[in-house]
Amino acid sequence: MSYVPLADQAQELHHPQSWVTRYVWSQDHKVIAIQYGGTAILVGIVALVLSLLMRMQLGFPESFDLIDPSSYYQAVTMHGMIMVIYLLTALFLGGFGNYLIPLMCGARDMVFPFLNMLSYWVYLLSVLILMASFFVPGGPTGGGWTLYPPQVSMAGTPGSDWGIVLMLLSLAVFIVAFTMGGLNYVTTILQARCRGLTMMRLPLTVWGIFIATILGLFAFPALLVAAIMMLLDTLLGTSFFMPAIIESGSPLDYNGGSPILFQHLFWFFGHPEVYIVALPAFGLVSDVLSTHARKNIFGYRMMVWAIIAIGGLSFVVWAHHMYVSGMNPYFGFFFATTTLIIAVPTALKVYNWVLTLWEGDIRMNVPMYFAIGFIFTFIHGGLTGLFLGNVVIDMPLSDTYFVVAHFHMVMGVSPVLVLFAALYHWYPLVSGRMYHEGLAKAHFWFTFLGTYAIYLPMHYLGFLGVPRRYYALGSTDFIPASAQDLNAAITIAALIVGAAQLLFFINIFWSLKHGKKAGSNPWGSASLEWQTPDTPPIHGNWGDELPTVYRWPYDYSVPGAHADFIPQNTPESEEPTADEQHFDPDHDPSMADL
């Protein structure tokens, strides 16, 4: 008598019956992942355009008059919030998390498919609320992406009425969406793994998303509480964060609130948020590096424990964002020390990535280009973080372009390079086609070199004392006139990088129809997502029978093995020969486009 799991029997209920249930109200995790990813990228384009408008103003303040000071600060606020929350968080967890978790765990779908579908539509609602702030009286809030009170609620701040209310409502709705999705990810990883797939046989991608989701489930409530309390301050006149204050010579009806309390709540969320983005990136880049270096990941267990340690430590370093708030020096010492400690497991991951590449049979294709570019950028951004983690150095640098450069190298460029590495790596699985290698390499070089042309000079501007958040520098005694020439050069580089992203979209959409057929496992990957009966995987993923796992996902170039890689679901007695594998180790199919 054959055993049929209850999950397999119930899954039939979720098969789509029409075009609408297949592509719109879909409960298939893969369709939901594409919906998440597409929405996140679209709203990310809005943030990219805002950043280019800001750069035009900073680079050519005398001749560019498309935005005024109010519009500039609104662009700063919306750009920052969209990039951090609505693009990176949604794309890493909602996009890659949704697509890869069930496939890498050998499951048919998420444990709660309807809740998964609902999480996307609630996320879309949060995006629509945020975008609506562009069309209300006063426009979006211009109080900075950290939304510090009392500034965001003062009449002199753009969007202090409708704008801040819509921003806070949007964040609250986003957190509801994240919670629905996050509970799904954690439950699926813990409860829906296929037979033989222990926690220590999970790909590092799954580990990164798993720990990042747990961080979010603990950290986002702090932001939710802060958003609700600030909404009450704004709409009902409570004084959670608003102190007794005078505006235009008249005292306002606030008394006794604590602006510093908001900073603590925001950064208690805000620093784990860095790792909510970084940990999935660490996992994705680990799998890309191992696959294209044809070598097992170095120190797998160390990598897992480093992810867990980073997650835990991320909750005790938040106030290094608040050194200039006037905290007690003993607190500054504590947060500086923990900031340096969290660098240890992070550095271990960098060493392990480099040692994974060491003596590997490296295939220099586009996913590997972006992955190696990420290692360079992350090391550079991390080193500048050691400067800012020290109270004495951070105090003079805090409000300068040095912080802008550091933050963008770590939280902007590094995750985006991993996103492109992952998008190119898993594109054949999602579409069944290969991308055009030549266009993709051009995209990499414009993006990688262009971002260094943007952010390396910013470090120098920071050391000169050029302040961030200023609409225009004007003339000052302590800033040389050459700083403005450098600002203009940075703007030109930013415009080139922004235009270069068109290469990515042209490549992806062109390849959907004209790209070379990828086959079932074009990279010769050992992890489960590439072992499905169909490429792209159909609803239910695995056909009649779920896979059984016999090994970890990094069996590449195993001494004594018959072939270049051994899939996770291959028993030791059935190791394939090179002729039986889907992958020809002497031919990279993506090179056919050249």
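Values below: every heavy atom of this structure, side chains too, minus hydrogens, waters and symmetry copies.
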Q: Search all heavy atoms of C194 against all heavy atoms of P547 and return the closest pair with its distance.
A: CB-O, 3.4 Å
Q.
Check whether E529 reaches the backbone of L100 with its side chain - one donor and one acceptor, N or O, closer than 3.5 Å.
A. no
Q: Indicate yes or no for a side-chain donor-acceptor contact from S314 to the backbone of P272 under 3.5 Å, with no hydrogens or angles considered.
A: no
Q: Verify whether the ring centers belonging to Y424 and F370 lie closer than 6.0 Å.
A: yes
Q. Any sub-3.5 Å donor-acceptor pair from Q74's side-chain atoms to G138's backbone N or O?
A. yes
Q) Is there a donor-acceptor pair closer than 3.5 Å between any side-chain N or O of T157 and the backbone N or O of S153? A) no
Q. Between D534 and P537, is there a donor-acceptor pair closer than 3.5 Å when you use the side chain of the first and the backbone of the second?
A. no
Q: Please say which of I209, L87, I276, L419 ends up in a side-chain contact (heavy atoms from CB on, under 4.5 Å) with F92.
A: L419
Q: Take Q501 and H443 through the test side-chain hydrogen bond (donor to acceptor under 3.5 Å, both in side chains) and record every step on the way to the result.
A: CA-CA 7 Å; Q501 305 317 302; H443 173 226; 2.9 Å; yes
Q. Do you know which two heavy atoms are closest between V152 and G143, and how far apart they sit?
A. CG1-CA, 3.7 Å
(Q) Let's go through T146 and F262 carefully: what are the C-alpha distance in whole Å and the side-chain angles of both, what is the deciding distance for side chain to side chain contact (heavy atoms under 4.5 Å, CB included) to 0.1 Å, and is it a yes or a no? (A) CA-CA 10 Å; T146 52; F262 178 85; 5.8 Å; no
(Q) Treating N184 as the side-chain partner and F112 as the backbone partner, does any N or O pair qualify as donor plus acceptor under 3.5 Å? (A) yes
Q) So, the side chain of N116 versus the backbone of M110: is there a donor-acceptor pair under 3.5 Å, distance only? A) no
Q: Determine, using ring centers only, whether W267 and H271 are less than 6.0 Å apart.
A: no
(Q) Between F378 and F282, is the ring centroid distance below 6.0 Å? (A) yes
(Q) Side chains of S170 and Y86, heavy atoms from C-beta outward: is any pair under 4.5 Å? (A) yes
(Q) Using side-chain heavy atoms (C-beta onward) and a distance below 4.5 Å, is H29 in contact with P113? (A) no
Q. How many angstroms lie between atom CE of M154 and atom CD1 of I164, to the nearest 0.5 angstrom?
A. 13.5 Å
Q) Within a strict 4.5 Å, meaning less than it, do heavy atoms of the I307 and M303 side chains meet? A) no
Q.
I'd like to know whether CH2 of W162 has more than 12 heavy-atom contacts from other residues, nucleotides or ligands below 6.0 angstrom.
A. no
(Q) Do R469 and V404 make a side-chain contact, defined as non-hydrogen atoms from C-beta onward lying under 4.5 Å apart? (A) no
Q | Y435 OH to S431 OG distance, which is reported to the nearest 0.5 Å | A | 11.0 Å
Q.
Could you go through R55 and L495, starting from their C-alpha distance and side-chain angles, then the distance that decides it, and tell me whether this counts as side chain to side chain contact (heavy atoms under 4.5 Å, CB included)?
A. CA-CA 8 Å; R55 282 308 327 168; L495 292 171; over 6 Å; no
Q. Can you find a heavy atom in the side chain of F448 that is under 4.5 Å from one in the side chain of T377?
A. yes
Q. How about Y148: does its OH atom have over 12 heavy atoms from other parts shown lying under 6.0 Å from it?
A. yes
Q.
Are L546 and R108 packed together at the side-chain level, in the sense that at least one heavy-atom pair is separated by less than 4.5 angstrom?
A. yes
Q: First locate atom OG of S414, then atom NE2 of H408, and finally report the distance between them rounded to the nearest 0.5 Å.
A: 12.0 Å
Q.
As an exercise, state the distance from CG of L48 to NE2 of H79, rounded to the nearest 0.5 Å.
A. 8.0 Å
Q. Looking at P149 and P259, what are the two nearest heavy atoms and their distance?
A. O-CB, 3.5 Å
(Q) Counting the benzene-type ring for Trp, do W523 and H292 have ring centres under 6.0 Å apart? (A) yes
Q: Would you indicate whether the side-chain heavy atoms of N98 and I34 approach each other to under 4.5 Å?
A: no
Q: Please check if the distance between the ring centroids of H321 and F266 is under 6.0 Å.
A: no
Q | Side-chain (Y123) to main-chain (A90) donor-acceptor, under 3.5 angstrom | A | no
Q: Could you give me the CA-CA distance, side-chain angles and deciding distance for K30 and N541, then say whether side-chain hydrogen bond (donor to acceptor under 3.5 Å, both in side chains) is met?
A: CA-CA 9 Å; K30 299 179 294 296; N541 297 337; 2.7 Å; yes
Q: Indicate, with yes or no, if the rings of Y471 and Y73 have centres closer together than 6.0 Å.
A: no
Q: Give a yes or no on whether the backbone of F210 and the side-chain of Y185 come within a donor-acceptor separation of less than 3.5 Å.
A: no
Q. Nearest heavy-atom pair of A371 and L289: which atoms, and what distance?
A. CB-CD2, 3.7 Å
Q: Indicate the atoms forming the closest heavy-atom contact of L279 with I211, along with that distance.
A: CD1-CG2, 3.7 Å
Q) Between Y120 and S26, is any side-chain donor less than 3.5 angstrom from a side-chain acceptor? A) no
Q) Can you find a pair of side-chain heavy atoms, one from Y72 and one from L58, that are under 4.5 Å apart? A) yes
Q | Short side-chain to backbone donor-acceptor contact, T89 and V84, under 3.5 Å | A | yes
**Q.** Parallel, tilted or perpendicular, as decided by the 30° and 60° cut-offs, for the rings of Y369 and F444
**A.** perpendicular
Q. So which heavy atom on A405 is nearest to which on M458, and how close?
A. CB-CB, 3.6 Å
